[in-house]
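Computed from heavy atoms alone, side chains included, the values below leave out hydrogens, waters and symmetry copies.
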There are 2 protein chains.
Amino acid sequence: MNRALVFNQHLRNKGLKNTRQRLIILETFLDSSFHYSTEELYQVLRKDHPRIGYATVHRTLKLFTECGIAVELNFGDGQTRFEPLYSDHHHDHLVCTRCGKIIEFVEPRIEQLQREVAERYDFSVESHRHELYGRCIKCSQPS
Amino acid sequence: MNRALVFNQHLRNKGLKNTRQRLIILETFLDSSFHYSTEELYQVLRKDHPRIGYATVHRTLKLFTECGIAVELNFGDGQTRFEPLYSDHHHDHLVCTRCGKIIEFVEPRIEQLQREVAERYDFSVESHRHELYGRCIKCSQPS
DNA sequence: AACCAACTGAAATTGAGTTTCAAAAACTAG
DNA sequence: CTAGTTTTTGAAACTCAATTTCAGTTGGTT
């Protein structure tokens, strides 16, 4: 999946415009595998593009989510984070509560059990959230 | 586990006082299996106890969390919800995105796989969050 | 080139959560 | 029981991320 293309399609579909700011934000966002919050991405962009406003960053991240090239994540720190989707490959997260490091994991057997649980309750699943919080290896070393 | 007792212990331990408001909030909270947000519990309490303030409800729910008789949950609707803990029995949630219904589920095999995943990344888990979002049986019937 | 709808960025607004503060209530010691 | 001390309460103020507003700007279409 070419994410820039998907984004442009989305703009066209909705009669939106292809602006300089949106391009810059898209590139910066996709070039990183970091899980940015709006504020963090805004700060990064400000270095090279001081004229781009916070509201524009916010609105553009919402557009990314709308067209499926990003997902909103919430790790309970009071900030919504946005993760660029590199593929259709689903994964979940380990979140270090000390250093904030985020590790992605894939475990098909868990996915399968989720389907079983849903069936047990006649529930049709649209999405899920699964995060493990704790200490990454560095942060669990004795200091 | 007697939750009222645990709460009283907690108050004593921290040199806090046993007030009328705290007792009322505790009873109302435990008498329901509902997953209240602060606002919702406040509205319920207001019917019989119009003098109890929002801030008191908020602070009391925080106390419940501190002493372990409640947990904070966040289902992505912008409101923190509080779940009374009836036992030490861990469970996760199915959340209906249409009617808001919350179903609790237990699946030890998922818990086991979580431990395996954590081990794979040398990660020591402190807590986790696992929610499936979709339609409950009523909301997936053709209307 | 002209037009118009969409966009931008600064500032204002929203809303959940939290804190403040003066009056009230709960405990403690006498 | 009473006085004294500390915590609590509730209303209002504040915080902070998220969202909206709006006047001036830009994109892209004719």
**Prompt:** Atom CZ of A:R12 and atom P of D:dG28: how far apart are they, to the nearest Å?
**Reply:** 10 Å
**Request:** Could you walk me through whether A:H128 and A:E111 pass the side-chain contact (heavy atoms from CB on, under 4.5 Å) test, one step at a time?
**Result:** CA-CA 10 Å; A:H128 76 262; A:E111 309 290 323; 3.3 Å; yes
**Message:** I need the CZ-P distance between B:R46 and D:dT9, as an integer number of Å.
**Reply:** 18 Å
**Request:** Please tell me which of B:L16 and B:N74 maps to the more 5' nucleotide of DNA chain C, matching each residue to the nucleotide holding its nearest heavy atom.
**Result:** B:N74
**Complete:** The correct set of residues in residues 47-67 of chain A placing a heavy atom under 4.0 Å from DNA chain C is A:R51, A:I52, A:G53, A:A55, A:T56, A:R59
**Request:** Output the residues of residues 19-41 of chain A in contact with DNA chain C, where contact means a heavy atom of the residue under 4.0 Å from an atom of the strand; sort by number or write none.
**Result:** A:T19, A:Q21, A:R22
**Message:** Tell me which one of B:R115, B:R109, B:Q114 satisfies side-chain hydrogen bond (donor to acceptor under 3.5 Å, both in side chains) with B:Q112.
**Reply:** B:R115
**Complete:** Separation of C:dA16 atom P from B:E72 atom CD, nearest Å, is 15 Å
**Request:** Would you mind reading off the distance between B:D77 atom CG and C:dG15 atom C1', rounded to a whole angstrom?
**Result:** 13 Å
**Message:** Using the rule given for side-chain contact (heavy atoms from CB on, under 4.5 Å), can you reason through B:I52 versus B:I24, listing the C-alpha separation, both sets of side-chain angles and the distance that settles it, and then say yes or no?
**Reply:** CA-CA 9 Å; B:I52 293 183; B:I24 292 167; 3.9 Å; yes
**Prompt:** Below 4.5 Å, heavy atoms only, C-beta onward: do B:V71 and B:L85 meet side chain to side chain?
**Reply:** yes
**Message:** Aromatic contact between B:F82 and B:F64, with the criterion being ring centroids under 6.0 Å apart: yes or no?
**Reply:** no
**Message:** With a 4.0 Å limit, can you tell me whether A:T80 has a side-chain N or O closer than that to the phosphate oxygens OP1/OP2 of D:dA17?
**Reply:** no
**Asked** Side chains of B:T60 and B:Q21: donor-acceptor distance under 3.5 Å anywhere?
**Response** no
**Item:** Side chain B:K17 and base C:dA25 donor-acceptor under 3.5 Å
**Value:** no
**Prompt:** Between D:dT26 atom C1' and A:L11 atom CG, what is the distance in whole Å?
**Reply:** 15 Å
**Item:** Validation row, ring centre A:F75 to ring centre A:H93 under 6.0 Å
**Value:** yes
**Asked** Whole Å only: how far is the OH atom of B:Y42 from the C1' atom of C:dT18?
**Response** 16 Å
**Message:** Between A:E72 and A:R81, is the salt bridge (charged side-chain N to carboxylate O under 4.0 Å, His left out) condition met? List the steps.
**Reply:** CA-CA 6 Å; A:E72 290 190 22; A:R81 294 178 179 283; over 6 Å; no
**Request:** Starting from the C-alpha separation in whole Å, work towards a yes-or-no answer on side chain to side chain donor-acceptor pair (under 3.5 Å) for B:E131 and B:Y133.
**Result:** CA-CA 6 Å; B:E131 291 130 25; B:Y133 297 88; 2.6 Å; yes
